[in-house]
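Counting starts at 1 for both ligands and their atoms, in listed order. Values below: every heavy atom of this structure, side chains too, minus hydrogens, waters and symmetry copies.
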Amino acid sequence: MNAVDYLRISLIDRCNFRCLYCMPEGSELDYILQQQLLTHSELLTLLREVFVPVGFTKFRLTGGEPLLRPGVVDLVRAIASMPETRDLSMTTNGFLLAGMAQNLYDAGLRRINISLDSLEPETFDKIIGNRGRSRWTEVWHGIQAAYQVGFNPLKLNVVVIPGINDNEILDLAALTINRNWHVRFIEFMPIGNGDLFGNKGWIASEELRQQISEKYGLIESGVRGNGPADVFQIPGAKGTLGFISQMSECFCDRCNRMRLSADGWLRPCLLNETGQIDLKTALREGVPTRELRDRVQQILEIKPEINFKQRDSGTNAGNYTRTMSQIGG
Ligand code: SAM
Ligand code: SF4
């Protein structure tokens, strides 16, 4: 069992995209009201006085779309400058990144994951639910800007959707041949709208590896990051290929993370709602941070028993009503 030292922090549940696997069309999400969001000061208090003392040193900023959070650059600066921060990263859809990449880098962010589900603007727009002028070019410029500014590693996240972008696996994998980019294929998870793709909701990573291997060859890269990706490489390529196989292979035993939602709920497991704590309300009610620390410590102790495997049993397990954008992906 890994030490749990990695906190994924959702800065906001809103998003400027409506990806069909995350915010399905027709679903009206109840956004968190501004006054319900953790303020910068509350978030920093929780990090310094609760999470760092119990051993968290790696932080990822996510959402919703984290670049929509007012003052995100200041938050990056504050978290990057905490002496205990060993690693700070962000997951973004990249739409606003071209204009923000340099400021984020200057504030201390070095690692970024950008979602890019398709190289074809039309398919891309279909996935993100865009009906206006294509948004693909802005995202592509955002990726280029991040690359030029010097983000390293620069990772591209691809959620593989049968019948929509699974014909682009080879083209997406080929992005890693001449660039030091890391493309990560993610199996679609039945969160928020599990019925979306019917019985064939996801394609196993093994199937993708076979396709890539037949065309380009594939070797294990020997690099294992912080996270759940199995990392491979096309022989001679500058970048790597990651496969995140939470549906076909359970990796709960290697889980090193918890999630903090934008409204301050600590969630020990993505697909299991057991053990959540409302840290924001406790903080606003004046509960001393030392007591919150004890509560988080208790959750850390029971975390090995809270995992995907039990998601279909128990009273509050198996509840996927919150989408990824609401949980903080
Ligand atoms: N808006 C940012 C973005 O899209 O990168 C950050 C938040 S998003 C919820 C974080 C990651 O979760 C993205 O890479 C997205 O593709 C992934 N994601 C969202 N819904 C998912 C689902 N149902 N299954 C698998 N991955 C999902
Ligand atoms: Fe927005 Fe990211 Fe969800 Fe897409 S995956 S709707 S970009 S939060």
Quickly, which of S115, C15, C19 forms a side chain to side chain contact (heavy atoms under 4.5 Å, CB included) with I128? Name it, please. C19
Is a donor on one side and an acceptor on the other found under 3.5 Å between the side chain of [X] and the backbone of [Y]?
X	Y	answer
R18	G129	no
N165	V159	yes
W181	Y147	no

Would you kindly say whether D294 and Q298 are connected by a side-chain donor-acceptor distance under 3.5 Å? no
Under 4.0 Å from a heavy atom of [X]: give me the atoms of ligand 1 that qualify, with their elements.
X	answer
E187	25 (C)
E65	1 (N), 2 (C)
T92	2 (C), 3 (C), 5 (O)
M189	22 (C), 23 (N), 24 (N), 25 (C)
G63	7 (C), 9 (C)
N93	2 (C), 3 (C), 5 (O)

Within less than 2.8 Å of atom 1 (Fe) of ligand 2: protein N, O or S atom count: 1
Can you tell me how far [atom2] of [Y] sits from [atom1] of [X], rounded to the nearest 0.5 angstrom?
X	Y	atom1	atom2	answer
K155	I112	NZ	CD1	12.0 Å
D166	S118	CG	OG	11.0 Å
N256	F56	CG	CZ	9.0 Å

Check this for me: does any side-chain nitrogen of one of D230 and R254 sit under 4.0 Å from a carboxylate oxygen of the other? yes
Less than 3.5 Å between some nitrogen or oxygen of [X] and one of ligand 1, yes or no?
X	result
S115	yes
N113	no
V159	no
T62	no
N157	yes

For residues I79 and L61, determine if any side-chain heavy atom of one lies less than 4.5 Å from a side-chain heavy atom of the other. yes
With a 4.5 Å heavy-atom cut-off, do E187 and S205 have their side chains touching? yes
Any G64 heavy atom less than 4.0 Å from ligand 1: yes
ring-ring contact (aromatic ring centres under 6.0 Å, His included) with Y105: which residues, sequence neighbours excluded? F151
